[in-house]
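Read through the structure below, which is laid out as structure tokens, and then see the notes.
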Amino acid sequence: MNNTDIKNTSSIKKDRRGKAEKRASYSVMRRILSYALKHKGYFFFGLLLVVCGTALSLIAPILTGRAIDYAVPGNADLVMIGRYCAGIAACIAASGAATWSGNLLLNKLAFSTIRDIRKELYGKLLTLPLAQIEKHNRGDLMTRMSTFGENLSDGLYQGIMQFSAGAVTLIATLVCMFALNWAIAAVVVCLTPISALISAKIAKRNRTTFKVQSENMARMSGMSEEYLSGTRVLRAYGKVADSERAFAEINKELFRSGLSSQFAGACVNPVSRIVNNVVYAVVAVIGGLFIIGSTNGGFAASIGAVLTVGELSAFLSYANQFAKPFNDMTSVTAELQTAASAGRKIFELTDCKDEDKGGALTVKSPVGDIELDRVSFSYTDKPFMEDITFAALQGQKIALVGTTGSGKTTIINLIMRFYDITGGKLTFDGTNVDEFSRVSVRRAFGMVLQDTWLFGGTIKENIAYGKPDATDEEIARAAAAAHLDKFVSTLEKGYDTVISGDGEELSEGQKQLIAIARVFLTSPEMLILDEATASVDGLTERAVQSAFAKLLGGKTSFIVAHRLSTIRDSDLIVVMDKGHIIEKGTHDELVALGGYYCEMLKAAE
């Protein structure tokens with residue numbers, strides 16, 4: 001294949017990609033419009049008012065032209081001029097009122113539409129499989145919810161308003177111009193589309209640049225969220241300068257792509273206006289010639305294209321109005337391209353499949369045995385966990401220990417059905433876990449994780465999250481069991497103290513005690529403790545462990561632990577490494593075995 005063939009092939013592929021992106025943008029905008037049509041009142045009445053306002057504004061040039069024709073030097077008809085001036089004022093006032101009302105309704109339409117899309121997106125984020133959520137960083141998801149939502153709203157509003165007003169202006173001015181003078185109207189119609197062709201060429205280039213800009217924006221938001229949430233670690237390790245350099249690099253890429261897209265978008269309107277001004281000048285010159293040729297025997301009279309000074313004034317106004325839709329539509333191109341890119345990012349998530357609800361069965365209380373039989377699991381095509389076999393009998397305490405990344409938390413996620421096994425069997429009382437609904441399985445467990453989650457509200461509301469109807473006495477007992485009451489008693493408003501969503505005003509230990517109190521309050525059928533006391537001091541840990549011992553009495557529990565001293569009394573200790581069980585048994589059995597567990601004990605001493 002020679003160089004010419006290679007260039008031709010590359011050109012064909014590029015052209016195909018361009019067409020595909022164009023079709024995708026149209027598809028996204030049609031989909032956004034389908035959301036808007038759910039608010040038919042705002043849509044149609046807003047559209048009607050904008051159309052009426054535009055139509056009324058187009059009556060004024062005719063009235064102005066008529067008034068000019070009555071303003072003949074030495075023979076002016078002031079009465080008729082006054083009437084036409086009153087008509088012009090009425091048209092302008094009515095047009096302004098209708099356009100303002102229409103804009104208000106279309107703004108409500110845009111906000112209502114993006115509200116619906118955001119609601120759907122948030123609902124989707126709550127129902128997506130956990131594996132799908134974990135493919136995106138939190139900053140990226142927040143950008144899709146906020147910034148992209150605003151871009152989409154702006155594009156929707158501008159698109160509907162500009163295109164509806166533009167369509168009316170094109171049709172009405174075309175009719176008026178041909179009614180005034182068909183010859184000059186034909187000249188305008190032939191010259192004006194040049195502006196549209198130039199704008200279309202620029203808009204074609206915009207699609208790629210706006211797509212790159214949206215991707216860079218999402219990357220920058222994700223990095224910002226990541227670095228800001230880990231600011232203590234950055235400072236502790238002296239990585240502030242490194243983070244600044246990494247951010248500066250992405251910011252530079254965003255600047256380049258943003259500048260490129262905005263430059264291309266900004267070129268559309270000035271170029272269109274230059275062409276339109278040329279058209280305007282040509283029409284003015286030709287119009288002047290037609291006025292001269294409108295006398296008896298003139299060429300304009302012979303072809304039925306007589307023109308007066310007032311009509312030329314109206315004609316020039318219409319010629320400018322006829323070009324305005326091209327200017328407006330091309331000026332909104334940047335908004336529409338941004339909206340299409342934003343919509344595409346949002347719909348990428350909303351189009352994902354929901355996590356299936358699982359089976360129809362409900363986990364019955366009390367739960368008996370939970371058994372894993374040769375269970376395997378994979379995050380990717382490469383197996384991560386294989387041949388996991390052990391049983392948790394009713395009321396037993398099962399400890400999962402091992403190195404970081406060995407699969408301890410993954411087993412918890414499989415039992416809770418956050419992930420689904422890829423092989424083997426996982427049963428509750430002999431029934432395959434996939435026959436139970438996911439909600440039923442998860443409600444059967446109470447969880448305390450090393451990474452606590454709190455929400456903006458009072459301490460009382462955070463403790464009662466799993467039991468909103470709990471009384472103050474029940475909340476106080478749960479807090480006392482978690483040894484949280486001593487800390488709360490030092491606060492001026494006690495349990496009514498408001499904390500922020502991330503609990504920045506609390507220590508890690510205090511946040512973890514709130515999460516522990518939350519579990520004590522619900523007293524679930526089964527418990528999962530993933531380093532539940534990792535962030536509390538030694539004295540508090542011993543007291544909380546004693547309280548846990550009472551709570552765990554007769555309940556099946558799974559404990560992920562690095563502090564081996566906390567799991568010595570477990571009924572079964574499962575030792576894991578690289579996704580495999582390498583040892584299992586009681587503490588005494590594993591000590592007698594003298595294997596990996598013993599090495600972990602010695603290392604902990």
Side-chain angles (χ1 to χ4, degrees), residues 125 127-138 140-141 222 226 349 352-359 369-392 396 398-428 431-436 438 441-442 444-445 447-451 453 526-532 534 556-564 567 570 572-585 590 593 595-597 599-600 603:
L125 292 176
T127 58
L128 281 177
L130 188 62
Q132 185 71 31
I133 291 291
E134 291 175 344
K135 289 180 181 179
H136 305 272
N137 63 50
R138 191 163 60 178
D140 175 38
L141 296 177
E226 179 182 322
L349 289 176
C352 291
K353 289 184 178 179
D354 287 341
E355 181 181 58
D356 68 85
K357 298 183 182 298
D369 304 340
I370 298 177
E371 185 175 358
L372 289 84
D373 182 17
R374 291 174 295 178
V375 165
S376 61
F377 173 74
S378 174
Y379 288 102
T380 60
D381 294 335
K382 185 179 179 181
F384 168 69
M385 183 178 291
E386 294 180 305
D387 198 29
I388 303 299
T389 301
F390 69 88
Q396 282 191 334
I398 310 298
L400 302 173
V401 299
T403 57
T404 301
S406 60
K408 306 182 296 295
T409 301
T410 300
I411 287 180
I412 299 300
N413 286 329
L414 292 175
I415 292 173
M416 292 283 288
R417 293 209 69 191
F418 290 130
Y419 302 143
D420 287 324
I421 62 175
T422 54
K425 289 176 62 179
L426 172 57
T427 60
F428 282 30
T431 302
N432 205 312
V433 71
D434 59 13
E435 295 185 29
F436 296 102
R438 293 183 189 271
V441 171
R442 292 165 187 171
F445 290 90
M447 295 182 69
V448 180
L449 306 178
Q450 183 175 0
D451 297 325
W453 176 77
M526 294 180 287
L527 278 172
I528 291 176
L529 308 177
D530 190 347
E531 290 295 328
T556 306
S557 58
F558 296 87
I559 301 174
V560 177
H562 289 293
R563 298 182 187 178
L564 301 184
I567 50 98
S570 298
L572 178 66
I573 299 174
V574 178
V575 185
M576 301 194 66
D577 185 44
K578 297 178 181 178
H580 293 80
I581 295 177
I582 56 175
E583 294 174 1
K584 60 183 176 181
L590 293 177
L593 186 63
Y596 189 76
Y597 182 73
E599 294 180 10
M600 293 176 66

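For D577, there are no salt bridge (charged side-chain N to carboxylate O under 4.0 Å, His left out) partners at least two apart in sequence or on another chain. Considering only residues two or more places apart in sequence or on other chains, E583 meets the side-chain contact (heavy atoms from CB on, under 4.5 Å) condition with V575, L590, L593, Y596, Y597. Partners of T427 according to the side chain to side chain donor-acceptor pair (under 3.5 Å) rule, which considers only residues two or more places apart in sequence or in another chain, do not exist here. Listed by chain and number, the residues in a side chain to side chain donor-acceptor pair (under 3.5 Å) with S557 amount to none (sequence neighbours excluded). Judged as a side-chain contact (heavy atoms from CB on, under 4.5 Å), and not counting sequence neighbours, the contacts of S570 are K397, A399, I567, I573. Here F390 pairs with nothing under the ring pair (Phe, Tyr, Trp, His ring centres under 6.0 Å) rule; sequence neighbours left out. For F445, there are no ring pair (Phe, Tyr, Trp, His ring centres under 6.0 Å) partners at least two apart in sequence or on another chain. Listed by chain and number, the residues in a ring pair (Phe, Tyr, Trp, His ring centres under 6.0 Å) with F436 are F428 (sequence neighbours excluded). Checked against salt bridge (charged side-chain N to carboxylate O under 4.0 Å, His left out), R442 has the following partners two or more places apart in sequence or in another chain: E355. Applying the side chain to side chain donor-acceptor pair (under 3.5 Å) rule to D420 yields the partners R417, R438; only residues at least two apart in sequence or on another chain are considered. Not a single salt bridge (charged side-chain N to carboxylate O under 4.0 Å, His left out) links D387 to another residue, sequence neighbours left out.
In this structure, D356 contributes its side chain and G358 its backbone to a donor-acceptor pair below 3.5 Å.
Taking CG of L529 as the reference point, atom CZ of F558 lies at 11.0 Å (rounded to 0.5 Å). Taken from CD1 in I582 to CE in M576, the straight-line distance is 9.0 Å, to the nearest 0.5 Å. Annotation: the span from L400 atom CG to I559 atom CD1 amounts to 9.0 Å, rounded to 0.5 Å.
Applying the salt bridge (charged side-chain N to carboxylate O under 4.0 Å, His left out) test to pairs two or more places apart or on separate chains, none has a residue in residues 404-414.
Across every non-hydrogen atom of L572 and A391, the tightest pair is CD2-O, 3.8 Å. Contact between N432 and L426 at its shortest, heavy atoms only, is OD1-O, 3.5 Å. The shortest heavy-atom contact between M385 and G407 is CE-O, 3.4 Å.
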**Request:** Determine, stepwise, if the pair I581 / T389 fulfils side-chain contact (heavy atoms from CB on, under 4.5 Å).
**Result:** CA-CA 8 Å; I581 295 177; T389 301; 5.6 Å; no

**Item:** Derivation of the side-chain contact (heavy atoms from CB on, under 4.5 Å) call for M526 and I370
**Value:** CA-CA 11 Å; M526 294 180 287; I370 298 177; 3.4 Å; yes

**Message:** Using the rule given for side-chain contact (heavy atoms from CB on, under 4.5 Å), can you reason through E386 versus H580, listing the C-alpha separation, both sets of side-chain angles and the distance that settles it, and then say yes or no?
**Reply:** CA-CA 6 Å; E386 294 180 305; H580 293 80; 3.5 Å; yes

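For the pair F377/I421, no side-chain contact is recorded, criterion being any heavy-atom separation below 4.5 Å from C-beta on.
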